[in-house]
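Below: the structure, in structure tokens.
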Amino acid sequence: MLLHTAALSIASRSISTSTISNQIIKLTRLRVVDNSEIGKQAMLEGRPPRCIHVYNKVGVGYIGDKVLVAIKGEKKKGILVGLKQNQNPKVPKFDSNNIVLIDDSGTPLGTRIHVPIPYILRTILKEKTHSKGADYTKLLAIAPRFV
């Protein structure tokens, strides 16, 4: 009986009982979807950026939220443009957590976004442009398609 419980406790150590989190929280890996140099290099090396901080009150990132990421040993800011987590109706769910890197004024670091972004992002970013002082309209201008 003692051997059976010892073997059971050793076998259960390799089983994870925590639930899968599809939310954007600290240390979440993100995928850069613009053509910025630092983003391309990080994705080619297989070291995607990780979220350090989410700039909102709840600490969980949603579409259109600004996040601080660690990428290639540097701190950069970005906007979440596609999420794996379950969304509201009429908002598409993506296969990966997508981010577009921006500078402090809200200007994108790249000149092109490679994936379609949700249509609702237009209204979300236009509201944040007027209230926060940053200009996110350039990010909407370089988007190829909206879904």
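Computed over heavy atoms, backbone and side chain alike; hydrogens, waters and symmetry mates excluded.
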Query raised in the report: Going by heavy atoms in the side chains, are Ile38 and Glu74 under 4.5 Å from each other?
Result: yes
Requested in this report: Have a look at Leu80 and tell me which of Ile63, Leu30, Leu121 forms a side-chain contact (heavy atoms from CB on, under 4.5 Å) with it.
Outcome: Leu30
Query raised in the report: For the hydrophobic clusters of this structure (ILVMFWY residues joined by side-chain heavy atoms under 4.5 Å, transitively), does one cluster hold both Leu125 and Ile142?
Result: yes
**Report entry** Val147 to Pro92 - nearest heavy-atom pair and separation
**Finding:** CG2-CG, 3.7 Å
Query raised in the report: Would you say Asn97's side chain and Ile24's backbone share a donor-acceptor pair under 3.5 angstrom?
Result: no
Query raised in the report: Would Phe146 and Val33 show up in the same hydrophobic cluster when neighbours are defined by side-chain heavy atoms closer than 4.5 Å?
Result: yes
Query raised in the report: Val81, Phe94: one ILVMFWY side-chain cluster at the under-4.5 Å cut-off?
Result: no
Query raised in the report: If you look at every heavy atom in Leu109 and Ser36, which pair is closest and at what distance?
Result: CB-CB, 3.8 Å
Report summary line: Between Gly106 and Ile102 the two heavy atoms that sit nearest each other are O-CG2, 4.0 Å
Report summary line: Closest non-hydrogen contact found for Ser96 with Asn98 is OG-OD1, 2.8 Å
Query raised in the report: Just wondering, are more than 12 heavy atoms of other shown residues or ligands nearer than 6.0 Å to OH in Tyr119?
Result: no
Report task. Kindly check if the number of other-residue, nucleotide or ligand heavy atoms within 6.0 Å of CZ (Arg50) is above 12? Result -> yes
**Report entry** Min side-chain heavy-atom separation Asp65-Ile79 under 4.5 Å
**Finding:** no
Query raised in the report: Excluding sequence neighbours, so at least two apart, what forms side-chain contact (heavy atoms from CB on, under 4.5 Å) with Ile52?
Result: Leu68, Ala70, Lys75
Requested in this report: Flag the pair Pro48 / Met43 as yes when at least one side-chain heavy-atom distance between them is below 4.5 Å, and no otherwise.
Outcome: yes
Which pairs of donor and acceptor atoms, one on a side chain in residues 110-117, lie under 3.5 Å apart (sequence neighbours left out)?
unit_1 : atom_1 : unit_2 : atom_2 : d
Thr111 : OG1    : Asn35  : ND2    : 3.0

Requested in this report: Indicate the atoms forming the closest heavy-atom contact of Val32 with Gly39, along with that distance.
Outcome: CG1-CA, 3.8 Å
Requested in this report: Specify the closest pair of heavy atoms between Lys84 and Lys93, including all atoms of both residues, with the distance to one decimal.
Outcome: O-CE, 2.7 Å
